[in-house]
*Asks:* 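The structure's right below; bear with me while I get my questions together.
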Amino acid sequence: MADTETTTGTPADGGNGAGNGKKATRERTPFAESAFWRSIFRSGVPRTRAARMMGVLNSVFLHLHPVRLPKHAVKVKYTWCMGGLSFFLFLVLTITGILLMFYYRPTVEAAYGDIIDLGSQVPLGIMREIHRWGAHLMVITVWLHMFRVFMTGSYKPPREFNWMIGVILLVLTMFLSFSGYLLPWDQLAIWAVTVGANMARAAPLLGHEGPGAALLSIGDVNFIHAGADAKFALLGGRFLGGATLLRFYVLHCIGVPFIVMIFMIVHFWRIRKDGGISGPT
Amino acid sequence: MKATINWLADPAISFTLIILVFFLVFPITDRLEKISKRLKIDLLWTNTGGLIALGVLVLFFVWGLTDENFRLIVTKPDNVPIVGLIFLVGFFTWLSMKQARENDNRMGQGGQPLEASDKSKVLVWPDLIYIEFICLILATVLLFAWSIFVKAPLEEPANPTLSPNPSKAPWYFLGLQEMLVYYDPWLAGIVLPTLIMVGLVAIPYMDTGDRGTGFYSYSGRKRAISTFMFGFLVLWTFLIIVGTFLRGPNWNFFGPFEVWDANKRVVLNNVNLSEYVYVFLLETGLPRGWLIREIWGILLVVGYFAVLPGLLAKTVFRNLYERWGTVRYSTFIVLLLMGMALPIKMYMRWLFNLKYIVSIPEFFLNI
Amino acid sequence: MSDDTQPTPISRRGFINWLTAAWVAFIAIVAGLLTGTVRFLFPNVLFEPPQSFRAGPPEDYTVGEVSTRFKNEFGVWIVRSTTEIYVLSTVCTHLGCTPNWLGGEQKFKCPCHGSGFRISGVNFEGPAPRPLERFKVTLADDGQLLIDKTKKFQFEKGEWSNPESFLAV
């Protein structure tokens, strides 16, 4: 704060602060030029072309972007903004999800009641709605993002690998949404997951009712049975129950988001490294 | 009118119609493209065409909402995203195809695509940041409005002994659940989804070369786009719509204006291929051993995946095979045949009531 | 190259042998850790409801009827025919939904994907690939039915002829 008076480069204000020198000096210094501001943002107000470029370069968040882009690449008509919206929704879901975790207990006894309380006993009772509809919206935006990337041929070299990362993120998005589906512990939830888990039971080789599971055995000892197969790993037991709820809760809140974030980092990094947004050569 | 639409919506009929229309709208060969041009289907990809299509769709929904059964199924909270999906997918298909056709016309006259016409660059701050900012605000407003007006669904507390009728997966998996009608869980739930992922990952390694990167275009990439659209619009989105709106109690089919009657009787006596061969054709009764019993089905499946690719490489796909070489061609053809296996099995079910081509419950292996 | 005053330099072959051994050990340890991590997901003790229970004397059940008495608690139907009592699992063999017994049509009908099973448990319509499973049923010392859900019998494996899969009455 002591630096305020020694700040240089501010436009001289004449003598309208005469008689109250200290106050006058403060008024003369625009806040965006102050040392405090500069300590946070590094570059000043982006009024000039150079300052704007530096502003993007010097911000950890903005420098996801390049400094300059070809004109067609900023048009919504070209990008549909779907990739950005997917990322934005991911952030919204993270924040609302963390808030919901304050009130939700993943146990068979408490879960359903906590969900009801979230709607009636908590101020701003639409947090769960925002989370749920945001999740649906994110599935749609991710699909549309993939659709746009396909239609502009943006998966072609050198972006093949990033397309692959994108497919993985698409699958993870749907799994995130699916794992969240169980948490309200209502009829919709357990039967959707029952059907899903029984598909895992039928997985070739890894499910105890899948083709080829009997091949993974030595003599009479089966390695794949109801107590050790893909369905069991998913449910945390032979039946859908408390262990399943806890397992899905952990996957939904920590496990999958963690993996998604890693893949997102690679995805964003590779966009830049593969030459930025696609464009005609 | 409503009866006609109910009848048309039956998967066997609507699926056939959609396939026929699809290949005129998204022609996969030059000849189909000429027919499509002659039928003036291109007009769909203009502002007027788009507005008319949108108007028809909106009118259909508004008119449909006057019907109680239609309203019940469309306004169910968890189905709202799919109504949104129909409009969004429709709009963005139109938007991309409109730009593709404009670029095709420009390039047809020796010009450059619109994206390449202005090579100048703009600064990210402020040009892009502002657009992103506005997008975020609009998305937030939409999300809040949606959350305020539609409550998130919450049904009865979980009861493991009482299956709701019908029991549905989340909507984005309903395409897969619809496949379960035709294929066993290990195929519909595991193998096919895995192959969808593998197929998507494989796209850039099949469709190589950077021709057509970075701008909307159809004519230059019609095979790639048509194949992708067939998967995305017909096999994925359409099946989701069927699974959401047209499947009712007991997973029976119900037209959009039909009452969901849990007691609707539908004959589901499906017959295995082995029974067709031994019981109806040879009239000997089923053999005891599974190998002899299922040998015809096994031969059919092996033939489909082992013999057919070779035949196709010599005929329809000769150029492709010569251009792509064995590895790339084999990957492509196996994925394509797997993808086509779904509609093939659907038609076999509709036409012959065929249940399984190969049925070996001894090993949980049914195809 | 060799110099006797220096420590013996490792030979080329020796180096490769050591390298191989090191890599094999490394891969073995990583594989072991991975197996352990996967195994971590499969607990040794499960807190699940008991799998065997007593279901009253055979006289509780009338001939030709499907008893839904233990459907909610234990997930079984107990059926008495003219000659035997058998216990059917309430888990549909398609995707694990719970079918309903429709007395009027004399069939079990699954609400999820429309599979239908006869009173014997044999599938006859819809996508179910095989009949319902039967559980082990015996007569306990006190004259009650003793049902053990850990032992199941599948028709397509010819197990329904196993004397433990039914109780002759």
Side-chain angles (χ1 to χ4, degrees), chain A residues 46 52 55-56 65-72 74 76 80-81 84-85 88 112 115 126 128-130 132-134 136 139-140 144 147 150-157 160 163-164 167 171 174 177-178 181 184-188 190-192 195 198-199 202-204 209-211 278-280, chain B residues 81 84-85 88 92 96 99 113 115-116 118 120-125 127-128 131-132 135-136 139 143 146-148 151-160 163-164 167 169-170 172 184-186 189-191 197 200-201 203-205 208-210 212-216 221 228 232 363-365:
Chain A
R52 284 171 176 175
V56 173
H65 293 303
V67 168
R68 295 185 308 153
L69 276 174
K71 207 164 187 177
H72 79 272
V74 298
V76 178
W80 306 355
C81 234
L85 279 182
F88 171 66
Y112 187 77
I115 295 286
I126 58 164
R128 179 170 159 252
E129 274 76 13
I130 296 176
R132 189 176 183 114
W133 299 137
H136 285 323
V139 172
I140 296 179
L144 289 175
F147 187 37
F150 184 89
M151 289 306 281
T152 53
S154 305
Y155 54 86
K156 297 191 171 198
E160 313 100 301
W163 168 268
M164 189 193 290
V167 173
V171 175
M174 295 209 276
S177 191
F178 178 67
Y181 217 73
W185 204 247
D186 63 345
Q187 283 285 68
L188 203 63
I190 66 157
W191 289 103
V195 171
N198 282 310
M199 287 188 200
E209 289 199 357
S278 62
Chain B
L85 180 79
L88 283 172
F92 283 111
S96 55
Q99 297 182 72
E115 285 87 343
D118 189 350
S120 64
K121 291 203 163 189
V122 292
L123 287 182
V124 161
W125 181 290
D127 297 76
L128 179 62
I131 290 172
E132 287 178 340
C135 279
L136 297 196
L143 194 54
W146 189 356
S147 303
I148 289 168
K151 277 211 76 67
L154 186 67
E155 297 192 355
E156 303 286 302
N159 178 358
S163 299
S167 293
Y172 36 84
D184 251 26
W186 72 278
I190 310 284
V191 175
M197 278 166 59
L200 282 174
V201 168
I203 286 176
Y205 301 97
T208 54
D210 55 3
T213 301
F215 58 93
Y216 292 94
R221 300 171 54 215
F228 179 83
F232 182 57
F363 306 137
F364 307 114
L365 185 89

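Protein chains get the first letters and strands the later ones, always in sequence-line order, with residue 1 at the start of each.
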*Asks:* In terms of relative ring orientation, are F147(A) and F232(B) parallel, tilted or perpendicular, with 30° and 60° separating the classes?
*Replies:*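 Taking F232(B) first and then F147(A), their aromatic rings sit tilted (interplane angle of 30° to 60°).
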*Asks:* Do I203(B) and F150(A) have side chains that get closer than 4.5 Å, going by heavy atoms?
*Replies:*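 Yes, at least one pair of side-chain atoms sits under 4.5 Å.
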*Asks:* Side chain, backbone, both or neither: which part of W133(A) has an atom under 4.5 Å from a heavy atom of chain B?
*Replies:*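 Both parts, backbone and side chain.
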*Asks:* Search all heavy atoms of D186(A) against all heavy atoms of E155(B) and return the closest pair with its distance.
*Replies:*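 Looking at all heavy atoms of both residues, the shortest contact is OD2-N, 2.8 Å.
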*Asks:* Would you mind telling me which of I115(A), V67(A), V56(A) has the largest number of heavy-atom pairs within less than 4.5 Å of chain B?
*Replies:*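 Option with the top pair count is V67(A).
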*Asks:* Heavy-atom cut-off 4.5 Å, strictly under: side chain, backbone, both or neither for I190(B) against chain A?
*Replies:*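 Side chain of I190(B) only, per the 4.5 Å heavy-atom cut-off to chain A.
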*Asks:* What residue, out of D127(B), I131(B), L154(B), has the most heavy-atom pairs lying under 4.5 Å from chain A?
*Replies:*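 With the most close heavy-atom pairs to chain A, the winner is L154(B).
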*Asks:* With L88(B), which residues qualify under side-chain contact (heavy atoms from CB on, under 4.5 Å), at least two apart?
*Replies:*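 Per chain and number, L88(B) pairs via side-chain contact (heavy atoms from CB on, under 4.5 Å) with I140(A), L144(A), F92(B).
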*Asks:* Looking at chain B, which one of M199(A), H136(A), M164(A) has the largest number of heavy-atom pairs inside 4.5 Å, strictly under?
*Replies:*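 Heavy-atom pairs under 4.5 Å are most numerous for H136(A).
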*Asks:* Compare every heavy atom of I126(A) with every heavy atom of S147(B), then report the nearest pair and how far apart it is.
*Replies:*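 In this case the closest contact between S147(B) and I126(A) is O-CG2, 3.9 Å.
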*Asks:* Chain B: which of G55(A), P184(A), C81(A), S177(A) shares the most heavy-atom pairs with it under 4.5 Å?
*Replies:*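 Option with the greatest count: S177(A).
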*Asks:* Determine the option with the most heavy-atom pairs under 4.5 angstrom with chain B, choosing from G153(A), P211(A), P66(A), P70(A).
*Replies:*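 Maximum pair count with chain B is reached by P211(A).
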*Asks:* A192(A) and A169(B): which non-hydrogen atoms are nearest, and at how many Å?
*Replies:*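 For A192(A) versus A169(B), the nearest heavy atoms are CB-CA, 4.1 Å.
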*Asks:* Looking only at heavy atoms and a cut-off of under 4.5 Å, which of R68(A), H72(A), R128(A), K156(A) has the most pairs with chain B?
*Replies:*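 Result: the option with the highest number of such pairs is K156(A).
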*Asks:* Using heavy-atom distances under 4.5 Å, tell me whether S167(B) contacts chain A through its side chain, its backbone, both, or neither.
*Replies:*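 The side chain, not the backbone.
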*Asks:* Taking every heavy-atom pair that is under 4.5 Å apart, which of D184(B), I148(B), N159(B), D118(B) has the most such pairs with chain A?
*Replies:*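 Looking at each of D184(B), I148(B), N159(B), D118(B) in turn, N159(B) comes out on top.
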*Asks:* Select one option (side chain, backbone, both, neither) describing which atoms of Q99(B) are under 4.5 Å from chain A's heavy atoms.
*Replies:*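 Just its side chain gets close to chain A.
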*Asks:* Relative to chain B, which segment of L85(A) carries a heavy atom at a distance below 4.5 Å: side chain, backbone, both, or neither?
*Replies:*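 Contact with chain B: side chain only.
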*Asks:* Among the options P160(B), P153(B), G189(B), pick out the one with the most heavy-atom pairs lying under 4.5 Å from chain A.
*Replies:*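 Of the candidates given, the most pairs with chain A belong to P153(B).
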*Asks:* Tell me, for W185(A) versus chain B, whether the close heavy atoms (under 4.5 Å) come from the side chain, the backbone, both or neither.
*Replies:*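 Both parts, backbone and side chain.
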*Asks:* Among R221(B), M197(B), K151(B), which has the most heavy-atom pairs under 4.5 Å with chain A?
*Replies:*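 Going by pairs under 4.5 Å, I would pick R221(B).
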*Asks:* Please enumerate all residues that pass ring-ring contact (aromatic ring centres under 6.0 Å, His included) together with W186(B), with sequence neighbours excluded.
*Replies:*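 For W186(B), no residue satisfies ring-ring contact (aromatic ring centres under 6.0 Å, His included) once neighbours in sequence are set aside.
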*Asks:* Any idea which heavy atoms bring M151(A) and S96(B) closest together, and the distance?
*Replies:*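 The answer is CE-OG, 3.7 Å.
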*Asks:* Please tell me whether T152(A) and Y216(B) have a donor and an acceptor in their side chains that are separated by less than 3.5 angstrom.
*Replies:*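 Judged by distance alone, the side chains do not pair up.
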*Asks:* Please classify the contact between Y181(A) and chain B as side chain, backbone, both or neither, with a heavy-atom cut-off of under 4.5 Å.
*Replies:*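 The side chain, not the backbone.
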*Asks:* Using non-hydrogen atoms only, which part of I190(A) is less than 4.5 Å away from chain B: side chain, backbone, both, or neither?
*Replies:*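 Side chain only.
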*Asks:* For chain A, find which of L128(B), L123(B), L365(B) contributes the most heavy-atom pairs closer than 4.5 angstrom.
*Replies:*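 The residue among L128(B), L123(B), L365(B) with the greatest pair count is L123(B).
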*Asks:* Could you tell me which of G134(A), S154(A), P46(A) has the largest number of non-hydrogen atom pairs under 4.5 Å with chain B?
*Replies:*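 Counting heavy-atom pairs under 4.5 Å, the top option is P46(A).
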*Asks:* Restricting to non-hydrogen atoms, name the atom on G214(B) and the atom on P280(A) that form the minimum distance, rounded to 0.1 Å.
*Replies:*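 Of all heavy-atom pairs spanning G214(B) and P280(A), the closest is O-CD, 3.2 Å.
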*Asks:* Do K121(B) and K71(A) make a side-chain contact, defined as non-hydrogen atoms from C-beta onward lying under 4.5 Å apart?
*Replies:*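 Heavy-atom side-chain distance check fails, nothing below 4.5 Å.
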*Asks:* So what's closer than 4.5 Å to chain B heavy atoms on R132(A): side chain, backbone, both or neither?
*Replies:*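 For R132(A), the side chain is the part near chain B, not the backbone.
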*Asks:* More than 12 foreign heavy atoms under 6.0 Å from CH2 of W146(B): is that the case here?
*Replies:*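 Enclosed.
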